Amino acid sequence: MFKLSAALLLVALMTACTTSPTNRRQVVLYSEAEMARQGEGAYRQMQSELTVSSDPRETTYVQCVADHVIAALEPTQQAANRWEVTVFDSPQANAFALPGGKIGVYTGLFDVAYNQDQLAAVLAHEVGHVLAQHGNERASRSALRSAGIAAARVLGASSRTVQAIDYGSQLGLQLPFDRAQESEADAIGLMLMARAGFDPEQSIALWENMNADAGPRPPEFLATHPSPETRMNSLRNQMDQALAVRTRALSNGLVPDCIPGALN
Ligand SMILES: [Zn+2]
């Protein structure tokens, strides 16, 4: 019985091993359609349970920045998701994007993202998570972890061994992958915002704001790992390339002009 499920697991892994947009090897077990369906379900639930901003000074502004970011995607990336953005009335300085292209922005984000370029940096980072299928990867990893623990139990491993596997898979698998995912979303986001004509250097300014302003619970994009310094350094390393991309965008007439509180 165990041999059979181990073999099935192996087949699943072999068929599910793929490469991310930055050529990182990743395991995705679920179909994009299934992930999109789940993402949409969670999104609709949030829209019905949380307070959605109806202030056009916020919604028009966020929609404008999101439209520019999404317009800079490759046609296939645009078509692969049904992109949508919602502004939630909440003091936390945070944003998210669910599989299927469902983006959420909390109004508290305006306290750290001071201009359209900084907001674009956050949105492009979140879009990067979707493009690289990070939600799928996370769900797959968690399923494999449970399968590994179940397999160890079937094999009669002591509870201490099972605990060690659990702990090991959290530290050895979960954390480094999360770190890789955040760096990857940073890299994808930086180029994406530049391609949309936003100033990529503002991504570093955003980090500085968040670093100075982070509350007791760091927002999604201010995870404890990698450290803000590491992230800012790798953004700096990619900045020349991003600035060149932005220069091309500007010369092609891509000059975003989203104004915060446009109705004021
Ligand atoms: Zn992130």
Side-chain angles (χ1 to χ4, degrees), residues 18-26 61-81 83 85 95-97 101 103 105 109-110 112-134 137 178-212 219-223 225-260:
T18 177
T19 51
S20 74
T22 65
N23 285 324
R24 186 170 56 80
R25 285 187 57 208
Q26 58 179 181
Y61 170 53
V62 171
Q63 188 70 52
C64 176
V65 174
D67 285 347
H68 278 89
V69 168
I70 290 157
L73 292 169
E74 306 289 341
T76 49
Q77 295 172 328
Q78 267 184 51
N81 293 284
W83 299 98
V85 62
F96 64 86
I103 304 167
V105 169
L109 186 63
F110 303 134
V112 290
Y114 299 151
N115 53 44
Q116 62 165 2
D117 305 277
Q118 293 178 12
L119 179 59
V122 175
L123 295 187
H125 169 98
E126 296 304 331
V127 167
H129 279 306
V130 174
L131 296 182
Q133 296 197 73
H134 289 166
E137 200 177 7
D178 275 354
R179 192 179 298 142
Q181 288 178 329
E182 288 307 326
S183 304
E184 187 166 64
D186 281 349
I188 295 170
L190 184 69
M191 292 308 156
L192 180 57
M193 72 179 289
R195 218 159 42 234
F198 292 104
D199 178 5
E201 289 193 286
Q202 287 295 314
S203 63
I204 292 171
L206 169 83
W207 278 104
E208 283 163 353
N209 301 345
M210 285 200 284
N211 230 351
E220 188 277 325
F221 39 83
L222 188 56
H225 41 87
S227 76
E229 289 74 22
T230 307
R231 296 178 87 157
M232 281 192 270
N233 281 337
S234 61
L235 288 172
R236 278 191 196 99
N237 289 337
Q238 300 162 75
M239 199 52 74
D240 284 350
Q241 201 192 339
L243 286 169
V245 167
R246 194 221 183 184
T247 302
R248 268 202 306 281
L250 293 181
S251 64
N252 287 334
L254 287 171
V255 187
D257 56 348
C258 307
I259 303 156

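We're numbering straight along the sequence, starting at 1. Nothing here was measured: the structure is a model prediction, and the numbers come from that model.
For the pair Met239/Leu190, a side-chain contact is recorded, criterion being any heavy-atom separation below 4.5 Å from C-beta on. Side-chain contact between Gln181 and Gln26 is absent, with no heavy atoms from C-beta onward closer than 4.5 Å. Contact check for Phe198 versus Leu119: no side-chain heavy atoms found under the 4.5 Å cut-off. Within the 4.5 Å cutoff, side-chain heavy atoms of Tyr61 are placed close to those of Gln116. Between Leu206 and Met210 the shortest side-chain heavy-atom distance falls below 4.5 Å. Side chains of Asn211 and Met232 form a contact here, defined as non-hydrogen atoms less than 4.5 Å apart. For the pair His125 and Glu182, the minimum side-chain heavy-atom distance is below 4.5 Å.
Taking all atoms of both residues into account, the shortest heavy-atom contact from Leu123 to Val62 is CD1-O, 4.2 Å. Looking at every heavy atom in both residues, Gln118 comes nearest to Ala205 through NE2-CB, 3.6 Å. Heavy-atom minimum distance, Ser203 versus Leu235: OG-CD1, 3.8 Å.
Taking Ala194 as the reference, Pro200, Ala242, Val245, Arg246 meet the side chain to side chain contact (heavy atoms under 4.5 Å, CB included) condition, with sequence neighbours excluded. For the salt bridge (charged side-chain N to carboxylate O under 4.0 Å, His left out) test, no residue two or more places apart in sequence or in another chain qualifies with Glu201. With sequence neighbours left out, the side chain to side chain donor-acceptor pair (under 3.5 Å) criterion links Asn81 to no other residue. Every residue two or more places apart in sequence or in another chain that forms a side chain to side chain donor-acceptor pair (under 3.5 Å) with Gln133 is listed here: Asn136. In this structure, His68 has no side chain to side chain donor-acceptor pair (under 3.5 Å) partners at least two apart in sequence or on a different chain. Residues satisfying the side chain to side chain contact (heavy atoms under 4.5 Å, CB included) criterion with Ala72, sequence neighbours excluded, are Leu192, Arg195, Ala196. Residues meeting the side chain to side chain donor-acceptor pair (under 3.5 Å) test with Arg236, sequence neighbours left out: Asn233. Gln78 meets the side chain to side chain contact (heavy atoms under 4.5 Å, CB included) test with Ile70, Leu73; sequence neighbours excluded. Remark: Thr22 pairs with Ser20, Arg24, Glu184, Ile188 by the side chain to side chain contact (heavy atoms under 4.5 Å, CB included) rule, at least two apart or across chains.
Listed for the Asp199 side chain is no donor-acceptor partner under 3.5 Å among the backbone atoms of Asp117. Looking only at distances, a side-chain donor or acceptor of Gln77 sits under 3.5 Å from a matching main-chain atom of Glu74.
Here the CD atom belonging to Glu208 is positioned 9.5 Å from the CD atom belonging to Gln202, to the nearest 0.5 angstrom. The distance from the CZ atom of Arg231 to the CG atom of Asp186 is 4.0 Å, given to the nearest 0.5 Å. Atom CD1 of Ile259 sits about 8.0 Å away from atom SG of Cys64, to the nearest 0.5 Å.
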